[in-house]
Amino acid sequence: MKYFELAGTDLRASSIIMGNMRMNTLSTVEVERLTSTAFEMGINVFDHADIYGDGECERLFSQATTMQRDEIILQSKCGIRKGKGGFFDFSKEHIVSAVDGILSRLNTDYLDILLLHRPDPLVEPEQVGAAFDALEQSGKVRYFGVSNHNPMQIELLQKHLSQKLVINQLQLSITHTPMIDSGMTLNMHNDQAVNRDSSILDYCRLHDITVQAWSPLQTGFFDGVFVGDKRFPELNKVLNRLAEKYSTSPSTIAYAWIVRHPANIQVVTGTRQIDRLQEAVNATNIHLTRSEWFQCYRAAGNIVP
């Protein structure tokens with residue numbers, strides 16, 4: 001397993017993160033086996049959100065886990081509320097209340113990292129700052145971050161925060177690369193040159209914010225896995241060839257493509273299968289060459305000028 005110090009923290013984190021969005025579909029025995037095996041594989045970061053299974057995923061994790069609290073990094077997210085179609089709430093009252101619920105369900109006194117779950121268009125950054133101060137001073141949260149935020153949204157928050165934002169969770173896979181695409185085709189007159197994310201990857205690298213990549217095998221917004229998908233014949237041809245070269249699976253190569261990036265991007269897996277989890281862990285031991293990285297990128301349909 002590859003580990004590194006998360007910038008702005010004293011946390012030594014694994015490159016692979018176990019995501020727990022669908023954990024409520026498993027039994028307590030299955031969760032215990034999955035989480036303990038993940039830990040034995042070297043994974044020490046476990047990602048939650050208060051809306052995953054309406055909180056049941058956090059509760060089940062705490063009931064089943066056998067790891068010692070100081071051996072793992074617990075991360076959760078809040079800010080999305082269930083309602084008519086769902087809505088966002090970054091008010092101080094909601095953030096503080098949400099964290100109390102998270103801590104209760106996870107049966108812990110503190111979170112290592114709290115993320116704001118997607119941007120709130122009605123955000124009052126002063127409210128966020130007050131909430132973070134209260135949570136930090138009470139010892140309930142050690143570090144803070146966001147998910148799916150662009151640079152200006154982060155700047156707006158950061159202006160009113162005493163704490164440095166250290167994480168941004170963003171969607172990234174070989175077939176979903178907007179944070180890379182526009183930089184590759186700058187000033188070209190084609191669709192790939194459209195800057196859809198305000199250069200968020202470069203911004204995070206400049207400001208020492210660790211990117212966590214979710215849906216690392218997805219074709220789009222939960223449009224299915226691209227590995228073995230007939231819609232991506234050229235990409236799968238390259239993945240299969242590299243998998244044979246490195247004596248591994250095509251999925252491991254897809255994970256390795258993300259891990260290869262020098263930004264130390266963490267990969268958030270959502271699998272509930274141990275063999276799939278092992279594929280992700282195996283990726284940290286593979287270092288694709290520059291040529292191989294670009295072969296994958298080009299085979300997914302992207303332009304390399």
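The structure presented is a predicted model; accordingly, all values stated were derived computationally and were not measured. Reckoned from all heavy atoms, side chains included, excluding hydrogens, waters and symmetry mates.
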Considering non-hydrogen atoms only, spot the tightest contact between [X] and [Y] and give its length.
| X | Y | answer |
| --- | --- | --- |
| Tyr3 | Arg12 | CD1-NH2, 3.5 Å |
| Asp223 | Gln218 | N-OE1, 3.3 Å |
| Leu156 | His160 | O-CD2, 3.3 Å |
| His117 | Ala49 | CE1-CB, 3.7 Å |
| Gly42 | Ser14 | O-CB, 3.6 Å |
| Ala13 | Gln266 | CB-NE2, 3.5 Å |

- Check against side chain to side chain contact (heavy atoms under 4.5 Å, CB included), Met18 and Thr35: CA-CA 8 Å; Met18 181 174 169; Thr35 55; 3.9 Å; yes

- Query: Does Asp10 come within less than 4.0 Å of Arg142, counting only side-chain N to carboxylate O?
  - Reply: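 The answer is yes: the pair qualifies as a salt bridge.
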
- Given side chain to side chain contact (heavy atoms under 4.5 Å, CB included), test Leu106 with Phe61 step by step and report yes or no. CA-CA 7 Å; Leu106 286 175; Phe61 179 90; 4.0 Å; yes

Relative to each other, are the rings of [X] and [Y] parallel, tilted or perpendicular (30° and 60° limits)?
| X | Y | answer |
| --- | --- | --- |
| Trp293 | Tyr297 | parallel |
| Phe232 | Phe226 | perpendicular |
| Phe132 | Phe144 | parallel |

How about [X] and [Y]: do any of their side-chain heavy atoms sit closer than 4.5 Å?
| X | Y | result |
| --- | --- | --- |
| Ile113 | Val45 | no |
| Leu161 | Val128 | yes |
| Cys296 | Leu242 | yes |
| Lys164 | Asp208 | yes |
| Val211 | His261 | no |
| Met188 | Pro305 | yes |
| Arg272 | Arg22 | yes |

For [X], does the [atom1] atom sit with more than 12 other heavy atoms under 6.0 Å from it, leaving out its own atoms?
| X | atom1 | value |
| --- | --- | --- |
| Glu126 | CD | yes |
| Asp275 | CG | yes |
| Glu244 | CD | no |
| Arg260 | CZ | yes |

Under 4.5 Å between side-chain heavy atoms, hopping through other hydrophobics if needed: is there a path connecting [X] to [Y]?
| X | Y | answer |
| --- | --- | --- |
| Leu111 | Ile80 | no |
| Met184 | Ile258 | yes |
| Ile167 | Ile95 | no |
| Tyr203 | Leu172 | yes |
| Trp214 | Tyr255 | no |

Roughly how far apart are [X] [atom1] and [Y] [atom2], rounded to 0.5 Å?
| X | Y | atom1 | atom2 | answer |
| --- | --- | --- | --- | --- |
| Ser198 | His149 | OG | NE2 | 12.5 Å |
| Met67 | Ile43 | CE | CD1 | 9.5 Å |
| Phe46 | Ile72 | CZ | CD1 | 5.5 Å |
| Ile286 | Ile253 | CD1 | CD1 | 4.5 Å |
| Cys78 | Asp100 | SG | CG | 10.5 Å |
| His207 | Asn168 | NE2 | CG | 12.0 Å |

Is a side-chain N or O of [X] found less than 3.5 angstrom from the main chain of [Y], in a donor-acceptor match?
| X | Y | value |
| --- | --- | --- |
| Thr185 | Ala193 | yes |
| Asp50 | Gly55 | no |
| Gln192 | Asn302 | no |
| Thr269 | Ile17 | yes |
| Lys140 | Asp109 | no |
| Gln153 | Pro119 | no |
| Asn20 | Asp47 | yes |
| Arg69 | Tyr110 | yes |
| Gln127 | Lys92 | yes |
| Ser15 | Lys2 | yes |

- Message: Using the rule salt bridge (charged side-chain N to carboxylate O under 4.0 Å, His left out), only one of Lys237, Arg231, Lys230 pairs with Glu234; which is it?
- Response: Lys237

- Note on the structure: Per salt bridge (charged side-chain N to carboxylate O under 4.0 Å, His left out), Asp54 is matched among Arg81, Arg59, Lys82 by Lys82

- Item | Results of side chain to side chain donor-acceptor pair (under 3.5 Å) for Arg118 - residues two or more places apart only |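 For Arg118, no residue satisfies side chain to side chain donor-acceptor pair (under 3.5 Å) once neighbours in sequence are set aside.
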
- Query: Are Ser62 and Glu58 close enough, and set up right, to give a side chain to side chain donor-acceptor pair (under 3.5 Å), and what steps lead you there?
  - Reply: CA-CA 6 Å; Ser62 69; Glu58 292 172 328; over 6 Å; no

- For side chain to side chain donor-acceptor pair (under 3.5 Å), just list the numbers for Ser199 and Asn195, CA-CA rounded to whole Å, side-chain angles, deciding distance to a tenth of an Å, and then say yes or no. CA-CA 7 Å; Ser199 303; Asn195 189 337; 3.1 Å; yes

- Message: Can you list everything that forms a salt bridge (charged side-chain N to carboxylate O under 4.0 Å, His left out) with Lys245? Sequence neighbours excluded, please.
- Response: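 Applying salt bridge (charged side-chain N to carboxylate O under 4.0 Å, His left out) to Lys245 gives Glu292.
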
- Message: Restricting to salt bridge (charged side-chain N to carboxylate O under 4.0 Å, His left out), what partner residues turn up for Glu5, sequence neighbours left out?
- Response: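 For Glu5, no residue satisfies salt bridge (charged side-chain N to carboxylate O under 4.0 Å, His left out) once neighbours in sequence are set aside.
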
- Residues Leu115, Gln212; criterion side chain to side chain contact (heavy atoms under 4.5 Å, CB included); working and verdict: CA-CA 11 Å; Leu115 306 183; Gln212 296 178 345; 4.1 Å; yes

- For Asn150 and Asp197, run side chain to side chain contact (heavy atoms under 4.5 Å, CB included): C-alpha distance rounded to whole Å, both residues' side-chain angles, the deciding distance at 0.1 Å, then the answer. CA-CA 6 Å; Asn150 67 34; Asp197 63 4; over 6 Å; no

- Item | Residue from Thr219, Val227, Asp229, Ile174 passing side-chain contact (heavy atoms from CB on, under 4.5 Å) with Leu235 |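 Considering Thr219, Val227, Asp229, Ile174, a side-chain contact (heavy atoms from CB on, under 4.5 Å) with Leu235 is found only for Ile174.
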
